[in-house]
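Working notes, structure below.
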Amino acid sequence: QVQLVEYGGGWVQTGASLRLSCLASGNNFNKYVMAWFRQAPGKEREFVSAITGWHSKLENEDSMKGRFTISRDNAKNTLFLLMNSLKPEDTAVYYCAANDKNSVTLAPDAYDYWGQGTQVTVSS
């Protein structure tokens, strides 16, 4: 099993950048497919990006592409999400997720482990 804790959320203005971190406990972090999702009030959970242990990525093809970059440091058991040029519509709770089934997918149900989420608020 793995436990996930997100850090780095906050309140920023339009155009700013934030880097979210997700620290994973346990062993064999490099064997987990890691992902970021987000959920805005009144909306369904939305896939942001996923990354395998060998750094192969799956990215959301909508407005996040080109602004958000997922990465990981296997030596530090940490997942990152660098968010640039933030917009008010990026306001959401951002969740870190993991699966140990080698499944690189945008489907939330494929991920077995979730963090508690970190709030990102972008003001106009």
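The structure places CG of Leu81 at 11.0 Å from OG1 of Thr118, a figure rounded to the nearest 0.5 Å. The distance from atom OG of Ser49 to atom CE of Met34, rounded to the nearest 0.5 Å, is 12.0 Å. Atom SG of Cys96 and atom OH of Tyr113 lie 13.0 Å apart (nearest 0.5 Å). Between the CD atom in Glu44 and the CZ atom in Phe37 there is a gap of 12.0 Å [rounded to 0.5 Å].
Pairing each heavy atom of Arg38 with each of Ala92, the nearest pair is CB-CB, 3.9 Å. Heavy-atom minimum distance, Ser21 versus Thr78: CB-CG2, 4.2 Å. Across all their heavy atoms, Ser85 and Asp90 have their closest contact at O-OD2, 4.4 Å. Nearest heavy atoms, Gly10 versus Leu18: N-CD1, 4.2 Å. Closest non-hydrogen pair, Tyr32 versus Ala98, comes out as CD2-CB, 4.1 Å. Contact between Thr91 and Ala40 at its shortest, heavy atoms only, is O-CB, 3.6 Å.
Residue Lys31 places its NZ atom among 12 or fewer non-hydrogen atoms of other residues, nucleotides or ligands, all under 6.0 Å distant. Atom CD of Gln3 is surrounded by 12 or fewer heavy atoms from other residues, nucleotides or ligands within 6.0 Å. Counting non-hydrogen atoms of other residues, nucleotides and ligands closer than 6.0 Å to NZ of Lys76 gives a total of 12 or fewer.
Within the 4.5 Å cutoff, the side chain of Glu6 has no heavy atoms near those of the Leu23 side chain. Considering only heavy atoms from C-beta on, Gln1 stays 4.5 Å or farther from Asp112 through its side chain. Side-chain contact check for Asn77 versus Val2: every heavy-atom pair is 4.5 Å or farther apart.
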Would His55 and Asn74 count as a side-chain contact (heavy atoms from CB on, under 4.5 Å) here? Give the steps. CA-CA 10 Å; His55 304 278; Asn74 289 334; 4.0 Å; yes
Phe68 vs Glu59, side-chain contact (heavy atoms from CB on, under 4.5 Å): CA-CA, chis, key distance, verdict: CA-CA 9 Å; Phe68 291 8; Glu59 297 175 322; over 6 Å; no
Before giving the answer on side-chain contact (heavy atoms from CB on, under 4.5 Å), spell out for Val122 and Trp11 the whole-Å C-alpha distance, their side-chain angles and the decisive distance to 0.1 Å. CA-CA 6 Å; Val122 185; Trp11 180 93; over 6 Å; no
Chi angles and distances behind the side-chain contact (heavy atoms from CB on, under 4.5 Å) call for Leu20, Tyr7: CA-CA 6 Å; Leu20 305 182; Tyr7 299 94; over 6 Å; no
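Between Trp114 and Tyr95, the ring planes lie perpendicular to each other; the angle is over 60°, past the 30° to 60° tilted range.
For the residue pair Asn84 and Ser17, a side-chain donor N or O sits within less than 3.5 Å of a side-chain acceptor on the partner.
Clustering ILVMFWY residues whenever any of their side-chain heavy atoms sit less than 4.5 angstrom apart, transitively, puts Tyr111 in a cluster other than the one holding Leu79. One hydrophobic cluster holds both Phe29 and Ile70 under the rule that ILVMFWY side chains link at heavy-atom gaps under 4.5 Å.
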